[in-house]
2 protein chains.
Amino acid sequence: MNQKNKITNKLRSSKLRPTKQRRKIADFLFNREKTFHFTVEELNKIINKKDNLQKISLATIYNTIDAFKKAGHLKEILTNNNKSYYDTNISSHHHFFDIETNELEDINYNDIKVVNLPHAPKGKKIQDVEVTLTVKKS
Amino acid sequence: MNQKNKITNKLRSSKLRPTKQRRKIADFLFNREKTFHFTVEELNKIINKKDNLQKISLATIYNTIDAFKKAGHLKEILTNNNKSYYDTNISSHHHFFDIETNELEDINYNDIKVVNLPHAPKGKKIQDVEVTLTVKKS
DNA sequence: CTATTACTTTAGAATCATTATAAACTATTA
DNA sequence: TAATAGTTTATAATGATTCTAAAGTAATAG
Ligand SMILES: [Mn+2]
Ligand SMILES: [Mn+2]
Ligand SMILES: [Zn+2]
Ligand SMILES: [Zn+2]
């Protein structure tokens, strides 16, 4: 199956109609090797580069990212910055976070071991373990 | 030395004039046993409760929190949520983060051990190691 | 003290990210 | 092919935060 069909299937199996806009954004986000970390603003700039024929409205980009997140195809990342950051790597993993540039870089889940996990507060359960290594220019 | 003077000294030694507003906010934030995690909106509600005589403007609360952060008396916390969260615990430590209620709870730095720390990307150095245990209702 | 200066507070406006609205459009279904 | 349900879009609305500039207060110099 080619990539176009893969994307269409991914959308359909998430009960999202494979519209032109969603296919374009999904193709950009999901047909890649390396993790992509982004804000909606950044994604909008890339998707709507001036040379691009078919523009996608900002509202649609927000809607689509939200739909992909709800479908489990994107993960929202904890950062400060009052902007939402998204991650195409939806598996549990860790990050370097550059506090000066706000850039994120993945660390494989098994490259860090977290031992002595405390119990969750009563009535709650642990859902994910994330390590953030804050970095800056050395 | 009493608490009033302690606060005044803390402000002065950070080169912040001990104004009525700063003393009130500092007294509320720093004279406590347990860590306090908050957003500016929450702090504003508490500081400006209706029964309170002297109101403090929202702009001043923003200014003051920013000044305290720059002076190192508060730490900004990584969350999603598009609001800034602050922490009166400025030492390195970890958190439970309830993704349903956005509530934070401290975990002592030594209650979790992180082993096998990877090297920082070249040209960068690790500044802090933070573990977030995402929790939800069980 | 008092005057001058520098810093701070404040209301309100401005900005930025995000969400809501509602009309036009398009994919799916009957 | 027609009906329908879902989607896109421009635009307005909202919410958090920052900016502005005028009035107020703390520190300092005389
Ligand atoms: Mn945040
Ligand atoms: Mn955020
Ligand atoms: Zn990642
Ligand atoms: Zn904390």
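So that the names make sense, note that chain A is the first sequence line, chain B the second, and so on, each numbered from 1.
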Rounding to a whole Å, what distance do you find between A:Lys15:NZ and C:dT28:C1'? 14 Å
Which part of the nucleic acid does B:Ser84 contact within heavy-atom distance under 4.0 Å: base, sugar-phosphate only, or nothing? sugar-phosphate
Give the rounded distance in Å between these two atoms: CD1 of B:Ile65 and P of D:dA16. 16 Å
Using five pairs at either end of the helix from C:dC1-D:dG30 to C:dA30-D:dT1, determine the angle between the two local helix axes and round it to 10 degrees. 20°
Relative to B:Phe96, does A:Lys124 satisfy both conditions: NZ or CZ under 6.0 angstrom from the six-membered ring centre, and within 45 degrees of the ring's axis? no
B:Tyr62 atom OH is separated from C:dC16 atom P, nearest whole Å, by 16 Å
Rounding to a whole Å, what distance do you find between B:Glu41:CD and D:dG15:P? 10 Å
Between A:Asn63 and A:Val40, who's closer to the 5' end of DNA chain C by nearest nucleotide? A:Val40
Under a 3.5 Å cutoff, is there a donor and acceptor pairing between the side chains of B:Ser84 and A:Asn82? yes
Do we see a donor-acceptor contact under 3.5 Å between the side chains of B:His95 and B:Asp106? yes
Between B:Pro18 and A:Gln21, which has a closest nucleotide on DNA chain D that is more 5'? A:Gln21
Can you tell me the distance, in whole Å, between the CD atom of A:Glu76 and the P atom of C:dA17? 15 Å
Can you tell which of D:dT17, C:dT19, D:dT9 lies closest to the side chain of B:Lys83? D:dT17
Under 4.0 angstrom between B:Arg17 side-chain N/O and D:dT25 OP1 or OP2: no
